[in-house]
Structures are given as structure tokens and as C-alpha cells.
Amino acid sequence: MDALVAGAGVAGCTAARLLAEAGLDVVLAGPPGPVADRQLVHERTASMPGAAPVDEVVLSFGGEAPRRYADPALAITSRVTLLAGLRAAAQAAGARLVPAGPERAGRDAPEIVLDATGAARPAGRTGHGVATTGTWRGCPVAHEVLVHLTQPSADDPRALPVVVRVVPVPGSADLATVTVTVMTPVRPDRDTVVRVVREADPRLAGATPAGALAEYPVNAAFAPESAVRGRTLVLGEAAGLVNPFTGDGISNAVRSAEIAAAAVTGHRGDPDGVAAAYRAGLRSAFVGYFETARHAVRHYHLAWRILSSSARSDHPFFRQGHRVVLLGGPIAHRSLTTRQRLPRDTRTYLAPFTLSCNEIIVRTVGAEWPFLAVHTLGGQGYRGVRPSTLLAGALMSGGDHPDVRHAPVAAAIELALLGAVAHTVPESEATPLRRGVDWRYASAVIAADYLLATATSLLTRHRPDLAGAFAGWLGALVKARAEGSVVALFEGVFEFPARMGAHLAGAADDTVGVLRRFGRGCGRLFLTTEDLGLLGGRRTRLDTTLASALASGLSGIPARFGHGTEGEIRYRRDPLIAELERARVMELAKATTLLEELPEPRAAEVLRQFAHALAEPVEAGR
Amino acid sequence: MTAVADRDVVFPQPVFRRAVRARLRELAAELPDRLRPCVLPLIRNPGKGVRSALVAAAAAGGRPDPAELVRIGAIVELLHLASLLHDDVVDRAATRRGMPSAHERLGAETALLAGTACVALVGQEAADLGPVVAGARGRCGAAMALGQMMDVERAYDTEFGTDDYVTMVEKKTSELFKLCCVLGAGCAGAAEDFVSAVAAFAVEIGVCFQIQDDCKDFLPGNPGKPAGTDHKLGLFGLPTLHAVRARPDELGPLLLAPEIGAAELGRIREIVVSAGGVEYAVAEARQHRARAFEALAPFEATPAWTALREVTDAVWTLS
């Protein structure tokens, strides 16, 4: 036997299948799961198509009005059906299924063991909690998935949220799987559970459990160091790869299984190599939501306060934060696996650079402010274009693949740009309070400071020679904001990564000049596409609305057309759209024509694709 | 052998202070027009100037380039000024140094942009002074921002322990003190052992300074932000944290009350004082001060030691 996979849940079956497909002799050992079924939400993929699509995810906090996320690319499947399918697929690939504990798996010692036995019982440790789940009647939520968090009490620094998740049973108008999660060792009593569920959404006012409620442990205490024990790789929920806000762990389980399988097949006969590759893979794909550090509870609490206080905000910083943190693994992590719509060979050039950049971002802010690390990575991905891609493309103007040693510069730029987004939260988002911290506004201020300072420190540590240019760039962005020049702002945002890439590649002066002009053009293109999305009422890369973009000074429409108010702009919507369409075509043509002057065709191709990606409207649900 | 050459101080403090202010005005001239009015009043009315004084003191007895020393003095003061602009927005403080705060006069957005513009200016100045200065100021800025986050993150936590408090203050306050001393000593060409000693000194003095600041809420004549600001925010200082440990039932509910007015603040003050909170904090501050000078003991009576002693004595108000 080459590999023993202990635990035949989602993580175990996926790992066993992948290892067997790679030609390893695999034993998958695990007793059949519980008889009671429940509905699971997971990412819609080719291997897990799901029984029913999710139309919308509805997110709410306490008594605040809910926020809806359309077409989230999620599916609902019964747990029993899903596991049966995954087991069958593992067996079909050649894995031997032993429907008992791993001690019955056979006598010969495996080369490697994968522990996918799920979460252990909570013992009051940080990051461990408990979920109560069952099928409920009186839940007419159609094809929507509901995620509801209680509001933090203003004056209790140790209160923790109760999270309610409602997943409709496909084919039923009334039944749903309702799961109530708390990150404490003791579950709430039945009366509390019923009350919290009924308060989660007006449609649930008459919700009642249709049978017994089951209880299962939740382990969200993930830390990359503890994911390997000797020759054992720990997967999925056993490793604590669960979103502590939602209790969701399925997509993380699949992802950790993929990383483990790649580590094992890539380092046969080298246990240290396997362990190192697994840890590195996890570190770049997951951010320690809840590490066992002393400050973990405070981090969690801070994130909850920020998310809940900004529940009504349409500002990009908060909307993106909600999406990546609360909609959990599926959406946030998908962006890491299926990055952009770039052709395959381009992705091959860029992948090591992008992964290295991700890992640096996580290492830089992951322990101190994990919420922002999740945000930086998740947000960058679904916006579809990353400044690091622009920098990597410009680096290729030196004639080589983008050198991963320059990834810290790209990571610093991406961290600083999220800081810049946080910096645009308008004063109107501040809440008059009698006392206490205004979490929404204060967190934006502190996050902006933290991100800009951390980015500066990261950059200076790696390239002290660029510290002046970096500070000058930040100064120029502030000046553009102070002068209300949104075009200059976005030109500056994109010009700098292009310039740095060219500089680091040692490009000739005229090439640097071309790339700088190209970067500025990308900024105008971004803004034009963004404005078109705002006018069309579509999802935009900054993930905001026309009203919020106007309030935050993030729309180019007032400067371009001289119409300042939302009403005026909406009144002239059609001619404005036509004009912006023309501008978009022209900017794209100008940018791509510039690239013809580049001596290095591969760099030109990567950058051409980048410009095209910028010019395309963002896909719904991405 | 002492680490610093036995020579006169390059600058008498008042001359240095004036030179730093002049440099600050030059730097402020580079700010966008809209942002300058946030910064100029704070340059004109500069507070105690402890940070730049530490730069000059740590350089005393050495051979600093005077122009460079002044630029370093301006860097640390500007970094401090930027943090005040942002802190006042987060704390919703109405006044600063007896004047309406920048966000009250010009709006929070302008004040925030002004703060960040100052940070960017500091970055350019530091880079201009070379990779060592740039690196040190980069690390310092990141630690200060983390300290600010840790400070707000613990809001309403009446069980915030002294160790956690010190960890937070070492980032929020001490890091900048350390930057002052290390850059001052470095500029004067001090030896490695003095630089490490003065860094350790600065960390302890920073904590001492912050505790002293916490005590001001309980002492008459507070010139900083309005009394009670931190209590209203739920960011309790060392005297209060100690007092609530001693008398939780009495003080706890008051600290967590939905509203804190003048009467409640008066009552909180009474309890904190009578529960020995201020006494405890003063003793802690003294201890950090003593540790600071222990770190400097090998350099006792050198010009830098004497100058640092003078600066810290001048701001020590708890005797």
C-alpha cells in the first residue's frame, strides 16, 4: 500500500481518488457516515455538479436589512448522495475502500497517511465550536441560501456570534437543512436555537425542527504548522480548515485534498518533501482564520464587528469583505484555483509568480490581521485582474519568465492597493455614536493605515532602493484624491506596477516609457469599464453601486460628463453608456497598439490579454 | 571605552527644536494645497516635541551631520503628527493641543488624506537618507499601525491584562521612541552596543510615557485630548484596568454603561483613584523608567546619557 487515507468523507474520498488516479496503491478507510441526511452547499464544479443550483445567497446581520448575492455559482446536494458519489469515484479510480476504521486497513505500513477523520470534539479550545443541524419545516426560502449572524452586543468584548445557515431541500417548497453554529464548546439550548432561527429571516417565523437535531463538532483552528504530524498529512476539517463565521468546510476539504495529493505525487519517496510541499500549498491557499494565537479570539471578534457594522455599506471595501469572508470558502478560494480568464500558457508563465505573491501576502498579514489577508487574496481574484499580473507582464519585458524574487514587490503593491480602497470609505459612512468605537469607519481608517504601513515595510525590507519610489507613488495617489482627480488616481494605480516591472526587468528607457503609458491606459480602461458596469447596474470589479461609487469618489462619470448627482446621471444613462462604450474601445485600441512597440513578444502578449481582461465586464457571480 | 565620543552636544535643544520646525514647514510646503491647513497648526503649536528631542539627545556626544539630524527630527515629528491626525478621527476627539482637531475643522476625509500624505512624505525623506533609515522607518510604521489595531481591537475589554497592555503600547508608542533614539544614535556614528542599549531604553521609556498619559485623565490640567475620550471609546488605560480588577462589581458596570456623561466620568475617576489604580499605574511607570535607565547603565554620565536623562526628566510629571 502506498497511501492510507483515514476517513471517507469529502476530503478523504477526494484525496483517495486523486492519488489512485496518479497510479498509487491507495486504501480508503472509513466507516459509513451517519444515517441522517442533510443538505450541503458547495462550489459548482465538474466533479460536484450538485442537485440544485443556488439562485442567491442572502446575508444578514441581526435586524439589519439583508444583502443579496446573485448567482454565486454554488450548488446544493444531499450529503448522503454527495458522499456516495465521491466514494464511487474513488473506487472507480482504483482506491480500495475498507468500510471500517484505519486499524483494519491491512498490515503493510503505508508510505504516507492522510488523516481526513473530521473535526474532533471541542474541548474548549480557541477555534473550536459546535453545530446543531437538522431538517426544519416552515422554511419557504425557494432556491436561496440564507446566512445570518447575530449582531455583537456593543459592550461585550467576549460575545461571539451565533450563525444560522438555511439550505433548502431541493424539490421541496417548505423543508430546509438548518444549521446553527457557535464557536464555543457548548451548544445553545433548543429554545435558543428555535428563537435565533426564527429571527434570522421573516420567512422563517414559523420554522420548526421536523425531527431530531444532530450535533457535530466544528474545528476552525487551522494553522499550517499543525497540518502535518510526522508522516501524516491532516486534511479538511481535521486540520481546522473551516470558515469560523459560517462553519463551512466542504470546499476547503476538497482544496486541501487536492493540495495533499499534489504534494504526495510530486515527492514520492521523500516524506520531508511531501510535508514541506503540503504546508507550503496550504499556506498559499488558506489563511489562518483562527490560528491558536493568543489574540485569535480578538481577531475573530474584530472581524465580526467590522462585518456586522458595515452590513449596510455598499462601499467596495466592505462589500468585498463580506463576500470573501462570509460567503466562505467557495467564492474566496475559487479565485485562487481558477484565477483569471487568461490562456493556459500565460497562466503557466504567471502561476509561480502569483502563488509566491499570495504566499507573501498571507505571511505578511495573515497572523496579525487574517481578515485582511483573506480579503486581499479573495478580492484580487474575483475582480479578475490583479496588479501583480501587470507587474509580472512588465517583468517579462526583460525577456525571461517573471522572476519570483520580485514577488514581494507585487505583494506590497497589492496590499497597498487594498489599503487605498479602504482609504476611500467616505465620511458619510461614519455613524454618530454616544460612546464606543465606530467600528465601520474606524476599521476602514485603521485597516488603510495598517495595509499601507505593512506594504511599505515589506517593500523596504526587500528592495530598500525602491522605498523612495514607493512612497512617492503613495504620495501621488493621495494628491490625486485630494484634488478629486479620479482619472489620475486610477492612472497612478496601474502605472506603478507597470513601471516597477519594467524597472526590475532592467528594461531600456524607451521600453519603460511604453510600459508606463500602457499602465496609465490600463487605469483609464479600468475606470471606463467600471463606470459602464455602474451605469448598466451590473456587478463591477470594485463590487459597488453607482451611489456608493459617487459618494466615495470612485466613478469617472462626474469628471467626464459634468453630471454630478445620481439622478442626473441616471437621466442621461443611454447617451452616457454609448459614449463610454466608444471610450472603452478607443482606450483598449490605444493600449494594445502601444504594446506593438515592445521588443519582447511574450510580454506583449501577456499584457495584451491583461488589457482585454480589463476591458471586459466582470462576469456575473464571479 | 565609551561608545560615544566625548564632545559637546551639537545642538542645544532650543536651536534644534527651531531647526526641526523650519524643516517641518519646508516639508509641509510640498503637501497638496487642500491638505496643508490640517498640518500647519500642529507645526506652529508643536506640543512637547519629545520625539525630536530624543533624536538630538541620542546623538549627543557624537558627530552627527547637523542637517541630517534635523531631517531625522522632522521625520519622527511628522510621523507622530500623522498618527495624531488619524487617531483623532478614530477617537472622534474634538480638540487637540487646545485647538479644534483637524477633522473638526476640515472634515475627516481631508484629515485622513493629510495624515497619509505626511506618511508618504516621511517615506520619501527616509528613503533619501538611505536604506538604513528607510528600513527602520518602514518597520516602525508597520509596528505603529499594528499597535493602533491592537488598541482598538480590545475595546470594552475590562479584563485586558497588564502584559497585553504593555505588548500593545510597545508597538503603538514605543516603536516610534525607538526609531528616534536609534536614528539619532546612528546619525551620530554611535557604536553598535550603544545603539542596542538606547533601543532598549526607548522601548521602556515609551511604555512609561504612555502610562503617564493614561494617568492624565485622573490628574488636573490635561492638555492633550479631552478628558474621558478613551473611557467613552471603551479603551481603558492602565489605572482603570487595575481598578476594575480590584473592584469589578462597582466599576465594571459603569465602564460598560451605554452612555458615559460627566457624572459617570466623575464617578469612574473617584473609584479608579480610591481603588489604587493611579498609584498602581504610577508604580508601573516608575518601574519602566527605572528599567530604561538600567539598559543605559553602561553609558552612565556620557553626554548622550545626560541628554536623554534631561529629556525624560522634563516630561516626567508623576513625581
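Numbered from 1 within each chain, the chains take letters A, B, ... in sequence-line order. Note: hydrogens, waters and symmetry copies are ignored here, and every other heavy atom, side chains too, is used.
- The candidate with the highest count of non-hydrogen atom pairs below 4.5 Å against chain B, out of A:Ile446, A:Thr460, A:Asp465, A:Thr454, is A:Ile446.
- In terms of heavy-atom proximity, A:Arg481 sits nearest to B:Arg34 at O-NH1, 3.7 Å.
- Between chain B and the residues A:Ala467, A:Gly436, A:Ser457, A:Ala444, the most heavy-atom pairs under 4.5 angstrom are made by A:Gly436.
- When each of B:Gly261, B:Ala120, B:Gly123 is checked for heavy-atom pairs under 4.5 Å with chain A, B:Ala120 comes out on top.
- The contact between B:Pro32 and chain A is made entirely by side chain atoms (from C-beta outward), counting heavy-atom distances below 4.5 Å.
- For chain A, the nearby parts of B:Val152 are the backbone and the side chain; heavy atoms of each come within less than 4.5 Å.
- Of all heavy-atom pairs between B:Val39 and B:Ala28, the closest is CG1-CB, 4.4 Å.
- Interface remark: A:Tyr441 contributes side-chain atoms only to the contact with chain B (heavy atom separation under 4.5 Å).
- Under the 30°/60° scheme for interplanar angles, the aromatic rings of B:Phe160 and B:Tyr165 are found to stand perpendicular.
- Heavy atoms of A:Leu477 lying under 4.5 Å from chain B are absent altogether.
- For the side-chain contact (heavy atoms from CB on, under 4.5 Å) criterion with B:Arg267, the lone passing option out of B:Ile260, B:Leu254, B:Val272 is B:Leu254.
- Donor-acceptor pairing under 3.5 Å is recorded for the side chains of B:Ser101 and B:His103.
- B:Leu255 touches chain A through its backbone: at least one of N, CA, C or O sits under 4.5 Å from a heavy atom, while the side chain does not.
- Looking at every heavy atom in both residues, B:Leu79 comes nearest to B:Cys140 through CD2-SG, 4.4 Å.
- In terms of heavy-atom pairs under 4.5 Å with chain A, the best-connected choice from B:Leu35, B:Val122, B:Leu146, B:Val90 is B:Leu146.
- Ranked by heavy-atom pairs under 4.5 Å with chain A, the first of B:Gly234, B:Gly135, B:Gly141, B:Ala134 is B:Ala134.
- Counted by atom type alone, A:Thr364 and A:Arg461 present zero donor-acceptor pairs between their side chains at under 3.5 Å.
- Taking every heavy atom of both residues into account, B:Phe218 and B:Thr240 meet most closely at CZ-OG1, 3.4 Å.
- Taking A:Leu474, A:Thr456, A:Ile306, A:Val437 one by one and counting their heavy-atom pairs under 4.5 Å with chain B, the maximum is reached by A:Val437.
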